[in-house]
Peer 1: 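This is the structure I want to talk about, given as structure tokens.
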Amino acid sequence: MNKYISVLLLFLSFGANAQSSKKSKTDVPPALSSITEKELRDGLFAQAGTHFRGRAGGTIDELRAAMWMGKRMQEEGFEPAGDDGTYFQYFSLLRHRISSTSTILIGDKSLALWKDALITQTAPAEVNAPILYIGKTGQADLSKIDVKGKAVALQVVPDDINLNVSLPEWRYSRSIMNKYGNDLIARGAVALLFIADEYGEHSWPYAQSNNILGSFDIEGGGRAAPPVAAPPVIWLHPDAIDWIKTEGLQLQASLHIESFTYPSVNIIGKIAGTDPVLSKEYLVLSGHTDAHGIRHVIKNDSIYYGADDNASVNVAMFATAKALKKSPGKRSVLLIIHGAEEKGLLGSRYFTSHPTIPLSSIATVLNGDMIGRNHPDSAAILGSTPPHQTSATLTKMAYDANKEGPQFKLDTLWDRPDHIEGWFFRSDHLPYARLGIPSLMYTTLLHPDYHTPQDSPENIDYKKLKKMTDWIYRTAWKGVNAEQRPATNTDFKLER
Ligand SMILES: [Zn+2]
């Protein structure tokens with residue numbers, strides 16, 4: 001029992017209404033009752049409504065949502081803590097995509113980009129090569145065939161590709177590539193033509209949405225420079241099997257890259273702590289603005305609202321920050337709503353390489369991703385399992401906060417280092433954790449509406465979201481007031 005609690009207990013024991021219930025009132029941080037389900041719901045509907053059009057990173061919609069959040073921070077009286085006395089830290093997204101001037105010719109048949117031919121890698125190419133049809137994936141013994149200098153055509157058949165993962169349609173072309181394509185290219189194939197099976201056809205619009213967009217990065221990242229030439233990987237519709245086997249067919253592909261720079265932005269507000277010494281340290285509350293914008297239609301809707309991902313967390317972090325403004329703790333708080341998370345954790349990578357406060361002053365990062373769905377009583381806290389547990393002390397704070405408050409039944413499977421989703425490695429705390437900063441990720445895990453238009457405000461469980469917010473606030477309250485900042489585990493490793 002820490003000093004703070006014993007003093008309060010003493011005080012309560014003299015109070016006329018002192019309660020003797022097991023769950024002591026001393027466990028209740030001071031502004032808990034200021035967090036309401038209504039506020040969370042209103043904020044979420046505003047942020048994930050149709051007017052922000054899915055807030056895709058690098059678009060005017062993300063910027064409008066960011067301005068709206070900056071304005072909200074101003075209205076709440078948070079101090080601006082971005083660049084140059086503002087709430088904003090702008091950064092550039094470097095984008096490369098296949099240009100519409102690209103051409104694909106098979107024999108004398110000209111294929112319309114994205115409609116007849118789907119290109120699944122963003123790289124330039126100039127290929128004029130004979131097509132070699134070598135059969136079906138999983139059946140042909142590819143290793144015995146000389147593919148050097150050939151445009152290799154393969155009919156994709158349903159085989160042992162694991163579709164029991166999140167976003168199976170997004171991953172399908174990559175899975176096929178990993179399983180069959182990379183080896184063919186290593187052995188000298190100059191192009192790959194995959195003839196879609198039924199699942200490939202089902203995945204086509206997903207792959208199309210992603211591949212039309214191309215690649216994104218920030219300066220210094222692995223995909224920042226324009227891509228170098230690579231053998232093109234082209235998907236064709238199933239009926240291509242009728243003509244691809246024609247003798248003497250030639251592939252002529254001329255793929256060009258065009259590059260753009262777009263603005264994205266982190267929104268940053270500060271609440272000063274009360275302790276003259278500890279207020280120089282920060283607890284970071286983290287969310288992300290962006291979702292997936294407007295894409296192909298699923299169930300009659302094309303706006304990918306990102307209500308759970310990640311408006312649910314943004315409203316929870318806002319409410320937590322407001323509670324800490326109402327009743328500040330010893331340490332200061334930095335609320336960072338990151339930009340362009342879905343493009344590769346770009347906002348958080350940018351902040352950690354261009355911090356607006358000394359990185360050494362960040363004591364803790366509480367991040368969240370998707371906290372408003374699934375069973376009402378279940379949740380998970382990622383980063384609580386070695387070797388990627390950053391801090392045992394911080395984990396204990398979160399566990400204690402859960403016991404004293406919402407009492408979620410915590411899932412532990414998803415935090416296991418061998419879990420197939422690697423969910424811990426997919427959100428904005430990661431660049432902070434890489435620096436050894438004690439970091440946790442709150443989540444209520446994935447669901448079938450993840451990255452679809454059905455991730456909409458009406459599908460959020462607001463009672464649960466309120467309980468998650470309570471949990472975050474309770475943890476934050478411990479974090480800002482602990483005598484010592486949480487220590488980083490000495491054996492912490494970010495390996496998978
Ligand atoms: Zn997210």
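When a ligand or atom number is given, it counts from 1 through the structure's own listing order. All values reported here derive from a predicted model rather than from experimental measurement.
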Peer 1: Going by the angle between their ring planes, with limits at 30° and 60°, are Tyr199 and Tyr172 parallel, tilted or perpendicular?
Peer 2: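 Taking Tyr172 first and then Tyr199, their aromatic rings stand perpendicular (interplane angle over 60°).
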Peer 1: Please name the residue in the list Phe351, Phe424, Trp423 that meets the ring pair (Phe, Tyr, Trp, His ring centres under 6.0 Å) test with His429.
Peer 2: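 Exactly one candidate clears the test, Phe424.
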Peer 1: Assign the ring pair Tyr90 / Phe88 to parallel, tilted or perpendicular, where the plane angle (0 to 90°) is split at 30° and 60°.
Peer 2: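 Answer is tilted, since the angle falls between 30° and 60°.
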Peer 1: Provide the protein N, O or S atoms situated under 2.8 Å from the Zn ion (ligand 1); waters are not included.
Peer 2: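 Correct list: His288 NE2, Asp309 OD1, Asp369 OD1, Asp369 OD2.
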Peer 1: Going by ring pair (Phe, Tyr, Trp, His ring centres under 6.0 Å), His451 matches just one of Tyr206, Trp170, Tyr304. Which one?
Peer 2: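 For His451, the ring pair (Phe, Tyr, Trp, His ring centres under 6.0 Å) test succeeds with only one of Tyr206, Trp170, Tyr304, which is Trp170.
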Peer 1: Report, as yes or no, whether the 6.0 Å neighbourhood of atom CD on Glu198 holds more than 12 heavy atoms from other residues, nucleotides or ligands.
Peer 2: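 Count not over threshold, so no.
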Peer 1: Using the six-membered ring wherever Trp is involved, compare the ring planes of Trp235 and Phe194 and label them parallel, tilted or perpendicular (cut-offs 30° and 60°).
Peer 2: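 Rings of Trp235 and Phe194: tilted, as their planes differ by 30° to 60°.
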